[in-house]
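Some notes on the structure that comes next.
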Amino acid sequence: MKIAIAADHAGFRLKQNVTDRLEAAGHRVFDMGTNTEASCDYPAYAVEVSQAVARGEADRGILVCGTGLGMCIAANKVAGIRAVGPCDVSQAEMSRRHNDANVLCLGSRSLAPERVHEIVDIWLATGFEGGRHARRLELIAELEAK
Ligand code: RB5
């Protein structure tokens, strides 16, 4: 899978860790920064990754900040993006099955390290169920188009 990934300073270390693991698993990872712990502003990174996903240059996006929340808010401003910040494995799975989430936001200061990998793995492996859920996503797309 082609995965675009980015973080702010608070998420930088976890991003490196997730990237290494994804590459070891055979994914093609596009690292869009940041690459230091110098303080930076997360919205620009959220938009870079989200646009790559919205344009089809990446299949999925992953964003990391301190809580996962700011990245999620910013990512969802990009048309076509359904970004989520699951707290646990169950939410991660359901965000794929029912919401076809295409960007995953992680909180480096909020999630236990072992939970992060479980969340990433199930989120990447789970498909969208379609059917009635597709109809609901169409309604969201209509809202976005207004
Ligand atoms: C940075 O201190 C922090 O605010 C940021 O990483 C993120 O958690 C914002 O939502």
Side-chain angles (χ1 to χ4, degrees), residues 1-129 133 136-137 139-146:
M1 198 178 280
K2 287 187 285 185
I3 300 168
I5 193 166
D8 71 355
H9 54 286
F12 160 65
R13 283 186 185 279
L14 181 58
K15 169 177 72 72
Q16 301 308 107
N17 191 271
V18 170
T19 298
D20 291 347
R21 212 165 154 274
L22 291 175
E23 287 179 338
H27 294 288
R28 195 162 154 216
V29 183
F30 306 117
D31 186 343
M32 300 180 156
T34 185
N35 289 310
T36 74
E37 287 182 302
S39 182
C40 64
D41 299 328
Y42 59 80
Y45 295 96
V47 167
E48 281 290 307
V49 162
S50 298
Q51 287 181 337
V53 173
R55 288 195 289 250
E57 295 159 8
D59 302 307
R60 306 271 188 89
I62 297 179
L63 293 165
V64 194
C65 65
T67 57
L69 300 176
M71 285 289 198
C72 196
I73 292 168
N76 277 313
K77 301 296 181 194
V78 175
I81 293 305
R82 294 174 299 278
V84 292
C87 299
D88 57 31
V89 170
S90 168
Q91 288 190 349
E93 180 182 357
M94 295 311 289
S95 79
R96 288 290 311 137
R97 288 174 57 182
H98 286 191
N99 311 117
D100 198 16
N102 51 12
V103 171
L104 175 68
C105 303
L106 301 169
S108 63
R109 297 169 179 161
S110 307
L111 295 169
E114 65 276 15
R115 201 68 63 236
V116 167
H117 297 311
E118 291 173 3
I119 285 172
V120 170
D121 288 350
I122 198 149
W123 188 77
L124 289 175
T126 304
F128 177 49
E129 286 180 10
H133 304 296
R136 292 161 186 166
L137 294 189
L139 293 170
I140 293 175
E142 283 174 22
L143 290 175
E144 197 171 64
K146 277 183 190 168

Checklist entry - From Arg82 CZ over to Ile140 CD1, what is the distance, rounded to the nearest 0.5 angstrom? => result 8.0 Å
Next on the checklist: Using side-chain contact (heavy atoms from CB on, under 4.5 Å), reason through Thr19 and Glu23 one step at a time and then give a plain yes or no.
Outcome noted: CA-CA 6 Å; Thr19 298; Glu23 287 179 338; 3.9 Å; yes
Checklist entry - To the nearest 0.5 Å, how far apart are CZ in Arg60 and CD1 in Ile5? => result 13.5 Å
Item to check | Minimum-distance pair of heavy atoms, taken over all atoms of Val84 and Ser95 | outcome: CG2-OG, 3.6 Å
Checklist outcome for this item: Minimal heavy-atom distance between Cys40 and Tyr45, with the atoms involved, is SG-CE1, 3.7 Å
Next on the checklist: Between Lys77 and Val47, does the side-chain contact (heavy atoms from CB on, under 4.5 Å) criterion hold? Intermediate values first, please.
Outcome noted: CA-CA 8 Å; Lys77 301 296 181 194; Val47 167; over 6 Å; no
Item to check | Nearest heavy atoms of Arg97 and Thr126, plus distance in Å | outcome: CG-CG2, 3.3 Å
Next on the checklist: For a quick test of reading the model, state the closest non-hydrogen atom pair linking Ala46 to Ala75 and the distance between them.
Outcome noted: CB-N, 4.0 Å
Checklist entry - Do side-chain atoms of Lys15 reach the backbone of Asp31 as a donor and acceptor pair under 3.5 angstrom? => result no
Item to check | N/O donor-acceptor pair under 3.5 Å between Asp88 side chain and Ser90 backbone | outcome: yes
Checklist outcome for this item: Of all heavy-atom pairs linking Ala54 and Val78, the shortest is CB-CG1, 4.2 Å
Checklist entry - In Å, rounded to the nearest 0.5 Å, how long is the span from CE of Met71 to CD1 of Ile62? => result 12.0 Å
Next on the checklist: Can a donor-acceptor pair be found, under 3.5 Å and without considering hydrogens, that links the side chain of Ser108 to the backbone of Ala10?
Outcome noted: yes
Item to check | Arg136 atom CZ, over 12 foreign heavy atoms within 6.0 Å | outcome: yes
Item to check | Interatomic distance, Leu106 atom CG to Arg115 atom CZ [nearest 0.5 angstrom] | outcome: 13.0 Å
Checklist entry - Is the number of heavy atoms from other residues, nucleotides or ligands within 6.0 Å of CG (Asn35) greater than 12? => result yes
Next on the checklist: Would you compute the distance between atom CG of Leu111 and atom NE2 of His117 and round it to the nearest 0.5 angstrom?
Outcome noted: 11.0 Å
Checklist entry - Are Asn102 and Ile81 close enough that some pair of their side-chain heavy atoms sits under 4.5 Å apart? => result yes
Item to check | Evaluation steps, side-chain contact (heavy atoms from CB on, under 4.5 Å), between Thr34 and Thr36 | outcome: CA-CA 6 Å; Thr34 185; Thr36 74; 4.2 Å; yes
Checklist entry - Under 4.5 Å between any side-chain heavy atoms of Asp121 and Arg21, yes or no? => result yes
Checklist entry - Looking only at heavy atoms, which two atoms of Phe128 and Leu137 are closest? And how far apart? => result CZ-CD1, 3.6 Å
Checklist entry - Just wondering, do Leu63 and Cys72 contact through their side chains at under 4.5 Å, heavy atoms? => result no
Next on the checklist: Main chain of Lys2, side chain of Asp59: is a donor-acceptor contact present, judged purely on distance under 3.5 Å?
Outcome noted: yes
Next on the checklist: Determine whether Glu57 and Gln51 satisfy the following criterion, side-chain contact (heavy atoms from CB on, under 4.5 Å), listing intermediate values before the conclusion.
Outcome noted: CA-CA 8 Å; Glu57 295 159 8; Gln51 287 181 337; over 6 Å; no
Checklist outcome for this item: When rounded to the nearest 0.5 Å, the distance separating NE2 of His133 from NE2 of His98 is 3.5 Å
Checklist entry - Under 4.5 Å between any side-chain heavy atoms of Leu124 and Val120, yes or no? => result yes
